[in-house]
Amino acid sequence: MLINSDSGIMVEYNGKRIALDPKNATDADLVFVSHAHTDHMHRSSDIGKVLASKETLRIAEARGFKYHNASHEPHPMFEMIDSGHVLGSKALLIDDRILYTGDICTRDRAFLKGARLPRCDILIIESTYGRKHFRFPRIDDVIHRANMLIAEMYSKGLPVILMGYPLGKAQIITSLFRHWKPLYIHESVARMNSIYRELGIDLGDDDARVYSIKDSDSLKHGPWLMIAPKQGNNSTFVKAMKKHHNAITIAFTGWALTHWHSRFHDYTLPLSDHCDFYELVQVVNACKPNKIYTFHGFAEEFASHLREMGYDAEALGSKCSILDYV
Ligand SMILES: [Zn+2]
Ligand SMILES: [Zn+2]
């Protein structure tokens, strides 16, 4: 049974209502928070019993999402499985039958291992890049391309700002490009890096300096590298960096493969924390589900591709749905 609802994806199983990454209030028996990106979390601290990894709960708290009734303890009916998207991100396996991926990436990147998901009966899978157009290059090729670009800018005496989402991508690029000196970490990235460190991830940025907007005069002249939150060339921050330092921006995102994205930054490189289309298909083939629901991004297109492959697949509407299983 499929019923539209405002509160995200809801699974009814054995008389229990399980809300998956709800953004609005729900009457669920259990709320599962797959990871600490803000589009997967609910602002209210009183949303009932929350299940999430200990890393997700810590990062969520640092971002102002503190849940009163949260647990990361193992449960016989609910198994949390690494989803390889950001630190602490999990997929949820309900009673060995229903698998919800949350956001997922199957590639190893720096300190993060790609996801390996089990077989299941019903698969609820994200489809952010669920269109054939999205085939990401090898990570090593992207790293090589970035290092060549940085070297070229250094040889011209120009500083470089590497950009990614402050939670997840920014820590990957800190780890991958920390060998460039002098290294600055933008304060909002530094806050998240220090939580990663507290959670046992060594990003190797101990000798980096934290860049604070209040203290913008502290930047050296000549080439340097900064890790900063992703923002366009018309933002106040980037405008100032270009005016005073001739800085060059390189953004890391899967959307680099679209034409429209490249105009926001000097360079965009396709490094993603999600599966590309072909990796999503691999996940589906490995899970061998009897029924598939797709959500996020190209949900309709991905479901229709899976149907062509012979799967029973359908897209969940943007308002999301209640899935009822006995
Ligand atoms: Zn995410
Ligand atoms: Zn997401």
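Both counts, for ligands and for their atoms, begin at 1 and track the order of listing.
Salt bridge annotation for Asp82-Lys90: present, with a cationic side-chain nitrogen under 4.0 angstrom from a carboxylate oxygen.
An angle of 100° is found at the Zn ion (ligand 1) between His85 atom NE2 and His35 atom NE2, rounded to 10°.
The closest side-chain heavy-atom distance from Ile9 to Asp21 is not below 4.5 Å.
The Zn ion (ligand 1) does not have His274 among its coordinating residues (no N/O/S atom, backbone or side chain, under 2.8 Å). With 2.8 Å as the limit, His40 does not count as an N, O or S neighbour of the Zn ion (ligand 1).
The nearest N/O/S atom of Asp103 to the Zn ion (ligand 1) is OD2. Nearest N/O/S atom of His37 with respect to the Zn ion (ligand 1) is recorded as ND1.
A donor-acceptor pair shorter than 3.5 Å cannot be found between the side chains of Trp180 and Tyr154.
Nearest approach of Ser218 to Tyr184, heavy atoms of both residues: O-OH, 3.8 Å.
Shown here is Tyr165, whose OH atom has no more than 12 heavy atoms of other residues, nucleotides or ligands within 6.0 Å.
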